[in-house]
Amino acid sequence: MSEPIPAKPLALKSSEFRRGREQGWSALELLLDRAERRGVKSLRPAELEQLPLLYRSALSSLSVARAIALDRHLLLYLEDLALRAFLVVYGPRRDLLGSCRDFLRRGFPLAVQGARWHVLVTLFVLLAGCVAGFMLTIGDEAWFNTFVPAALAGGRGPASTRAELLDDEIFRAWPGVIDSFLIVANFLFQHNTMVGILSFSLGIAAGVPTLLLIGYQGLVLGSFLALHANRGLALDFIGWVSIHGITELGAIVLCGAGGLLIAEKALFPGRYSRVESLARVGGEAARIAIGAVLLFFLAAILEGGFRQLVASTPLRLLIGISVAACWITYLAVPRRGDTQ
Amino acid sequence: MISVNERTARFLNPVARVRREIVTPEGVPLQVELADYGERLGAFLLDFVFLILTNILLYLALIFVGGWAVDRRVMFTIALFLGFLIRNLYFVYFELSWRGVTPGKRIVGLRVIDRRGGPLLQNAVIARNIMRELEAFLPLGALLSIGGTGSVLWERLALALWLLLFALLPFFNRDRMRGGDLLAGTMVIAMPKRRLLADLVEVTASAEFTERQLRAYGVFELQILEELLRRPDSRETMRLRQEVCERVCRKIEWPDPVPPRETLDFLRRFYTAERGFLEREQLYGRRHEDKNSTVGR
């Protein structure tokens with residue numbers, strides 16, 4: 001190589017390529033600017049049709065540019081353009097109403113059925129807590145004060161008499177719209193939903209706090225039951241609780257099951273990485289939690305409205321049983337088809 | 001082994017963001033830049049302020065509408081209840097209807113995406129925001145209540161510490177995911193916003209440089225030169241260009257000295273020729289990574 005070889009004048013492939021495609025890119029950029037600022041809805045139908053085409057061609061431009069172009073700015077620009085278009089094209093689905101219907105019809109029951117073992121385990125822990133609370137409190141009512149915080153006890157305790165419990169609690173006159181609304185919205189719904197959300201999200205801490213929380217709810221319930229049983233009111237109490245309690249406890253159990261589902265995938269990721277495995281189950285678990293929050297809402301309505309309106313124990317038990325039957329049919333009957 | 005592009009990026013901007021790759025459903029890998037901790041905290045604080053403002057507005061509206069007509073306790077309850085709803089729906093609503101962006105994220109320029117490059121599903125949005133209660137609002141409440149009276153101080157401290165562990169999760173994983181992201185399979189990235197600038201070259205390169213001269217450099221040097229040419233004109237830029245021009249002339253043994261006024265023009269012509277040469281070489285499967293590359297020698 002002693003003699004310098006003059007290079008032939010040559011056309012730059014990358015520059016030619018850019019000239020050929022530039023128009024498409026800037027058209028896409030304009031659409032993206034508008035979609036990002038004012039939402040995809042602001043695009044006209046014709047533009048909406050164009051968007052995925054322009055997106056695909058931007059992707060292919062990027063692939064070509066990576067192979068042939070050494071223009072760093074061009075590469076970075078295309079990288080950004082493709083990413084922006086990708087984010088707009090594959091954004092979340094916005095049809096909220098349709099997906100709500102889909103959720104109620106299939107998504108929620110299917111998610112619960114998928115987690116049936118977790119539901120059973122949570123239910124078992126709740127019952128175990130309930131039995132323990134009952135056994136302890138029935139022998140020594142001092143346990144009641146240990147298990148039940150003052151805010152939940154609402155003045156009830158070892159000092160309550162049979163008559164007090166009957167008149168002030170189980171067959172208290174319906175206080176009217178305003179007061180029952182107050183109780184429900186102010187305390188019960190928020191409290192229960194928080195318990196639910198917590199037992200769900202603590203699943204990420206290997207599920208132990210979830211089970212503790214669920215077991216504790218059982219303790220409280222069992223303790224209440226024992227207090228009433230000691231005064232010969234066990235059946236009346238069950239009737240009083242069953243109107244809303246079935247729905248409410250069901251929701252708590254579902255939240256706990258969601259938490260356990262998360263815990264299981266975090267502890268035993270199987271053939272996926274731990275993070276991957278969590279991400280795979282997260283959406284499913286979230287479905288259960290959302291359904292549970294809806295149940296809490298219904299329970300609160302039942303509790304505030306119907307509980308004191310229906311003043312006979314057999315009727316209350318009947319309502320409780322039919323509510324339970326409804327939920328079991330809704331959640332446990334197999335459904336066809338899979339959701340997204 | 002890092003790519004030349006990565007090397008150039010690090011050379012030009014040593015404190016650049018951390019990057020990750022996602023693969024679109026079409027199978028094309030795309031680079032995304034992870035959001036910084038500060039940005040995410042900023043976005044959350046902004047959203048928190050908006051949340052509080054919304055609540056205050058709501059209370060004012062309630063007082064205005066029914067302040068004298070209805071029982072005060074009822075108003076209070078309605079306000080609390082709506083506050084609870086708003087707190088839990090704010091993030092879900094915006095991340096769904098604004099496609100992974102909340103007002104705070106929008107101001108800071110962040111966005112939630114699916115970690116694997118799929119579409120961001122509703123379930124994912126809901127999952128990542130249910131966890132917020134545990135990660136943000138409970139620790140906030142616990143921290144605020146430390147000074148209060150009622151229960152033992154060390155119990156509260158222990159609780160706060162335990163809850164803070166959840167809040168600090170993003171510091172313990174390389175994708176900076178909080179618990180919600182972990183569960184939902186999402187991550188938070190900085191929004192890209194580059195505009196297309198003019199091309200630096202004409203379509204044809206002149207033949208004034210010999211192949212041997214062009215072989216002196218590789219892709220890395222080419223991209224650094226590109227950056228220098230794209231820099232806005234300033235005294236500093238002029239000085240740098242002058243210096244680079246002298247070095248190039250020495251390296252390729254350019255016979256005539258380049259007068260200072262023609263520096264930019266000369267560098268452009270050299271850039272064009274070099275890029276044309278390197279691109280052609282790459283097309284033939286000979287990629288010259290940098291000046292030390294031995295490909296095709």
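Labels below follow one simple rule: chain letters A, B, ... track the order of the sequence lines, proteins then strands, and each chain is numbered from 1.
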(request) Can you measure from CD (B/Gln31) to CG (A/Leu83) and round to the nearest 0.5 angstrom? (result) 10.0 Å
(request) For side-chain contact (heavy atoms from CB on, under 4.5 Å), just list the numbers for A/Phe86 and B/Ile22, CA-CA rounded to whole Å, side-chain angles, deciding distance to a tenth of an Å, and then say yes or no. (result) CA-CA 11 Å; A/Phe86 163 74; B/Ile22 56 170; 3.7 Å; yes
(message) Between B/Leu222 and chain A, with a heavy-atom cut-off of 4.5 Å, which part of the residue counts as in contact: side chain, backbone, both or neither?
(response) side chain
(message) I need the contact set between residues 54-63 of chain A and chain B: heavy-atom distance under 4.5 Å, sorted by residue number.
(response) A/Tyr55, A/Arg56, A/Leu59, A/Leu62, A/Ser63
(request) With sequence neighbours excluded, tell me which residues meet salt bridge (Lys or Arg N to Asp or Glu O under 4.0 Å) with B/Asp175. (result) B/Arg20
(message) Counting only heavy atoms from other residues, nucleotides and ligands, does the tally under 6.0 Å from NZ of B/Lys105 exceed 12?
(response) yes
(message) My understanding is that only one of B/Arg287, B/Glu281, B/Glu274 makes a side-chain contact (heavy atoms from CB on, under 4.5 Å) with A/Leu70; could you say which?
(response) B/Arg287
(request) Check each atom of B/Leu283 against the heavy atoms of chain A and say whether the ones under 4.5 Å are side chain, backbone, both or neither. (result) side chain
(message) More than 12 heavy atoms of other residues, nucleotides or ligands under 6.0 Å from CD of B/Glu21: yes or no?
(response) yes
(message) Under a 3.5 Å distance rule, please check whether B/Glu226 uses its side chain to pair with a backbone N or O of A/Arg72 as donor and acceptor.
(response) yes
(request) Assess whether side-chain contact (heavy atoms from CB on, under 4.5 Å) is satisfied between B/Arg99 and A/Leu87, documenting all intermediate values. (result) CA-CA 8 Å; B/Arg99 304 180 161 244; A/Leu87 291 175; over 6 Å; no
(message) Is A/Ala266 close to chain B through its backbone or its side chain, or both, or neither, when contacts mean heavy atoms under 4.5 Å?
(response) neither
(message) Quick check on A/Leu198 against chain B: is it the side chain, the backbone, both or neither that has a heavy atom closer than 4.5 Å?
(response) side chain
(request) Kindly indicate, with the supporting measurements, whether the criterion side-chain contact (heavy atoms from CB on, under 4.5 Å) is fulfilled by B/Glu279 and A/Ile68. (result) CA-CA 6 Å; B/Glu279 280 175 359; A/Ile68 69 159; over 6 Å; no
(message) Shorter than 4.5 Å, heavy atoms on both sides: which option in A/Glu36, A/Arg274, A/Glu276, A/His73 has the most such pairs with chain B?
(response) A/His73
(request) Below 4.5 Å from any heavy atom of chain A, which atoms of B/Gln282 appear? Answer side chain, backbone, both or neither. (result) side chain
(request) Measure A/Arg280 against the heavy atoms of chain B and call it side chain, backbone, both or neither at under 4.5 Å. (result) side chain
(message) Using a 4.5 angstrom heavy-atom cutoff, name the option from A/Ala286, A/Gly282, A/Ser14 with the most pairs to chain B.
(response) A/Ser14
(message) Taking side chain as everything from C-beta outward and backbone as N, CA, C, O, which of these in B/Glu227 sits under 4.5 Å from a heavy atom of chain A? Side chain, backbone, both or neither.
(response) side chain
(request) Against chain A, label B/Arg106 side chain, backbone, both or neither, depending on which of its atoms sit under 4.5 Å from a heavy atom there. (result) side chain
(request) For each of A/Leu74, A/Val88, A/Leu81, A/Leu75, tally heavy-atom pairs with chain B at distances under 4.5 Å, and name the one with the top tally. (result) A/Val88
(message) Do A/Tyr90 and B/Leu121 make a side-chain contact, defined as non-hydrogen atoms from C-beta onward lying under 4.5 Å apart?
(response) no
